[in-house]
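Just below is one structure, and these are the notes that go with it.
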Amino acid sequence: MAKTLLLKTTFSQHHHHYLHLSTSRFSKATAMCSSFSPLLPINFRYIARPMCSFVSFKAFSSQDNTSTTKDDVPARIGFLGLGIMGSPMAQNLIKAGCDVTVWNRTKSKCDPLVSLGAKYEASPEEVAASCDITFAMLADPESAADVAYGKHGAASGMGPGKGYVDVSTVDGDTSKLISEHIKATGAQFLEAPVSGSKKPAEDGQLIFLTAGDRFLYEMVGPFLDIMGKSRFYLGDVGNGAAMKLVVNMIMGSMMASFSEGLLLSAKVGLDPSVLVEVISQGAISAPMYSMKGPAMVKSLYPTAFPLKHQQKDLRLALGLAESVSQSTPIAAAANELYKVAKSHGLSDEDFSAVIEALKVKVQNKE
Ligand SMILES: NC(=O)C1=CN([C@@H]2O[C@H](COP(=O)(O)OP(=O)(O)OC[C@H]3O[C@@H](n4cnc5c(N)ncnc54)[C@H](OP(=O)(O)O)[C@@H]3O)[C@@H](O)[C@H]2O)C=CC1
Ligand SMILES: O=CCCC(=O)O
């Protein structure tokens, strides 16, 4: 049985936003949202029903406060960056019935999504120009910035009535630069990095850590709900990036510490598989240990979260800590270990391969 909630959110004294959320056991992506503000350059009318095929999006002038839905058109969704995360995220939007247009630097990664019904455009600019909302899932700050506002970048195709949602993991300064370039076109910007890896991306179980234009956050909520299980709105641009970096800083240190424990247990004659079991039943249990531990014991590291990205996140988290003079010696030590792992050619392995850096024999100088 479906239930309906009516929420009223006041963004300013002039702007009231009504969000109707409906849930049923058949779908989590059920929402109806309509909004009008004389202060905003654009107004959206946006209806989302259980499947994305019913999601519609309309940008119209501030004079047009019609409440009818007959003119609504299906939202056109762009997706830039089809790596380990971007591919399943875009796939979930397509499978939900969304009208999705994709682009990836290596074009061949677009093919499986086009087979599923996605459209293809030859540049981020062309994707942004042809879509209402464009998502970006890029490797690092450099690629996120280049795709957003480099030559033929998304900003060249953005404008009033459009939205850009960057779900890559970058530092706050990069996110703010991207925001400035996007907003200079009259479009809206949301940073929305995700917690959760390959499997949660495939299962639509990601956690979005968003910040930026609240209005766009409300607009894209139903799409985030297709790709994820929860979402946080954290305020100004930079806060989503910061939250993501703090989470991944903790995760990187946890994995380094876990690696030391596995190797120490084996060296003193214990069975590391039993250690994994013991940990799983106690206060320090974490899904990550149970998921990665058995493979690590066998020296297997099937890539879900590439080690190079974990080291990037530690590097960015250390920069964040430096910016506020916060001492982070554990994270700094973990970062060094991931750097060693990278120097041993493990960049594209899963980040759990950091354990290999601890197996490296120390040269006996005697
Ligand atoms: N994997 C995971 O578990 C998670 C990853 N993240 C974050 O999500 C982001 C993407 O991660 P993931 O999908 O794993 O990474 P991948 O390395 O699998 O994919 C990276 C994507 O970025 C593109 N890219 C890289 N450099 C450039 C460039 N110079 N110009 C244009 N495109 C470029 C790649 O294109 P191409 O195919 O051509 O190489 C690819 O589409 C990262 O910021 C990561 O930290 C966040 C949560 C979990
Ligand atoms: O950034 C990667 C995060 C991976 C995870 O949350 O499992």
Side-chain angles (χ1 to χ4, degrees), residues 78-92 102-113 120 122-125 127 134-154 165-172 174-175 178 191-203 205-210 227-230 232 240-255 258 286-292 301-317 338 342 347-354:
F79 211 107
L80 310 172
L82 303 171
I84 292 169
M85 297 298 284
S87 288
M89 291 170 78
Q91 190 168 321
N92 280 335
V102 295
W103 172 87
N104 191 65
R105 179 182 62 176
T106 306
K107 190 182 171 216
S108 59
K109 290 190 191 171
C110 297
D111 297 344
L113 295 159
Y120 169 79
S123 69
E125 175 181 359
V127 171
T134 301
F135 289 91
M137 186 45 133
L138 286 317
D140 50 26
E142 295 72 27
S143 54
D146 195 42
V147 168
Y149 59 83
K151 196 174 177 207
H152 302 301
V165 184
D166 199 324
V167 293
S168 324
T169 304
V170 300
D171 56 294
T174 299
S175 197
I178 293 173
E191 67 180 9
V194 299
S195 232
S197 195
K198 186 178 177 205
K199 181 78 165 56
E202 289 166 354
D203 296 345
Q205 293 290 307
L206 295 169
I207 302 161
F208 287 92
L209 308 171
T210 77
M227 297 183 281
K229 66 176 179 185
S230 62
F232 294 80
M243 181 67 85
K244 173 65 186 166
L245 293 179
V246 172
V247 171
N248 272 26
M249 181 188 84
I250 296 168
M251 191 176 77
S253 300
M254 280 172 67
M255 179 55 82
F258 184 53
M288 181 177 86
Y289 298 142
S290 297
M291 283 186 309
K292 309 269 186 192
Y301 316 105
T303 309
F305 181 36
L307 188 142
K308 64 187 175 194
H309 293 335
Q310 174 63 85
Q311 195 274 319
K312 174 254 305 177
D313 293 350
L314 277 164
R315 172 173 62 80
L316 297 177
Y338 286 93
K342 275 174 65 175
S347 286
D348 294 320
E349 299 289 319
D350 190 70
F351 75 118
S352 49
V354 72

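We count ligands from 1, going down the list as the structure has it; atoms in each ligand are counted the same way. The model shown is predicted, which means the values in this text are computed figures rather than measured ones.
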I'd like to check which ligand 1 atoms, numbered from 1 as shown, lie under 4.0 Å from a non-hydrogen atom of Leu82. 41 (O)
Protein heavy atom at shortest distance from atom 5 (C) of ligand 2: Gly196 N, 3.5 Å
Verify, without hydrogens or angle tests, whether Tyr301 (side chain) and Leu307 (backbone) share a donor-acceptor contact under 3.5 angstrom. no
Give the residue, atom name and distance (to 0.1 Å) of the protein heavy atom nearest atom 4 (C) of ligand 2. Met251 CE, 3.8 Å
Asn92 side-chain N/O to Glu202 backbone N/O, donor-acceptor pair under 3.5 Å: yes
When you look for heavy atoms under 4.0 Å from ligand 1, do you find them on the side chain of Arg105, its backbone, both, or neither? both
Specify the protein heavy atom at minimum distance from atom 22 (O) of ligand 1: its residue, its atom name, and the distance to 0.1 Å. Ala139 N, 3.2 Å
What is the closest protein heavy atom to atom 10 (C) of ligand 1, and at what distance does it sit? Leu138 O, 3.6 Å
Geometric N/O contact Thr169 with ligand 1, under 3.5 angstrom: yes
Reference residue Gln310; test side chain to side chain contact (heavy atoms under 4.5 Å, CB included); the match among Arg315, Met251, Met249: Met251
Test your reading of the model: is there a side-chain donor-acceptor pair from Ser143 to the backbone of Asp140, 3.5 Å cut-off? yes
Minimum heavy-atom separation for Asp166 and Ala144, please, with both atom names. OD2-CB, 3.9 Å
Contact region, Asn248 to ligand 2, non-hydrogen atoms below 4.0 Å, reads side chain
Is Asp350 reaching over with its side chain to a backbone N or O of Ala304, donor-acceptor style, under 3.5 angstrom? yes
Polar contacts were defined as any N/O atom of the residue lying under 3.5 Å from an N/O atom of the ligand; does this apply to Lys109 and ligand 1? yes
Is Gly86 in polar range of ligand 1, meaning some N or O pair under 3.5 Å apart? no
Starting from atom 18 (O) of ligand 1, locate the nearest protein heavy atom and write down its residue, its atom name and how far away it is, to 0.1 Å. Ile84 N, 2.9 Å
From the options Lys308, His309, Lys312, select the one whose nearest heavy atom is closest to atom 16 (P) of ligand 1. His309
Might you point out which heavy atoms bring Met255 and Ser352 nearest each other, and give the distance in Å? CE-CB, 3.8 Å
Is Lys244 in contact with ligand 2, taking contact as a heavy-atom separation below 4.0 Å? yes
Looking only at protein heavy atoms, what sits closest to atom 5 (C) of ligand 1 is Met85 CG, 3.6 Å
Donor-acceptor contact below 3.5 Å, side chain Lys292 vs main chain Phe351: no
Per-atom contacts of ligand 2 with Phe305, taking only distances under 4.0 Å to non-hydrogen atoms: 1 (O), 2 (C)
Assess whether atom CE of Met243 is packed by more than 12 heavy atoms of other residues, nucleotides or ligands within 6.0 Å. no
Backbone or side-chain N or O of Val167 under 3.5 Å from ligand 1 N or O: no
Within reach of ligand 1, part of Asn104 (heavy-atom separation under 4.0 Å): side chain
In terms of atom number and element, which parts of ligand 1 are under 4.0 angstrom from non-hydrogen atoms of Ala304? 1 (N), 2 (C), 3 (O)
Shortest protein contact, atom 38 (O) of ligand 1 (heavy atom only): Thr106 OG1, 2.5 Å
Would Val102 and Asn104 count as a side chain to side chain contact (heavy atoms under 4.5 Å, CB included) if you check the C-alpha gap in whole Å, the side-chain angles of each, and the deciding distance to 0.1 Å? CA-CA 7 Å; Val102 295; Asn104 191 65; over 6 Å; no
Check ligand 1 against Gly196 and write out every atom of the ligand that is under 4.0 Å from a heavy-atom position of the residue. 47 (C), 48 (C)
Should you measure from each heavy atom of Gly81, which atoms of ligand 1 turn up under 4.0 Å away? 41 (O)
Residue Pro306 vicinity, atoms of ligand 1 by number, heavy atom under 4.0 Å: 1 (N), 14 (O)
Any nitrogen or oxygen of Val147, side chain or backbone, less than 3.5 Å from one on ligand 1? no
At what distance is the nearest protein heavy atom to atom 19 (O) of ligand 1, and which residue and atom is it? Gly83 CA, 3.4 Å
Donor-acceptor contact below 3.5 Å, side chain Glu191 vs main chain Gly240: yes
Flag, side chain of Asn248 to backbone of Asp313, donor-acceptor distance under 3.5 Å: no
Check whether Ser195 reaches the backbone of Ile207 with its side chain - one donor and one acceptor, N or O, closer than 3.5 Å. no
On a heavy-atom basis, the closest approach of Ile178 and Ala148 is CG2-CB, 3.7 Å
Considering both backbone and side-chain atoms of Ser197, is one of its nitrogen or oxygen atoms within less than 3.5 Å of a nitrogen or oxygen in ligand 1? yes
Does the side chain of Ser108 come under 3.5 Å of the side chain of Asp111 through a donor N or O and an acceptor N or O? no
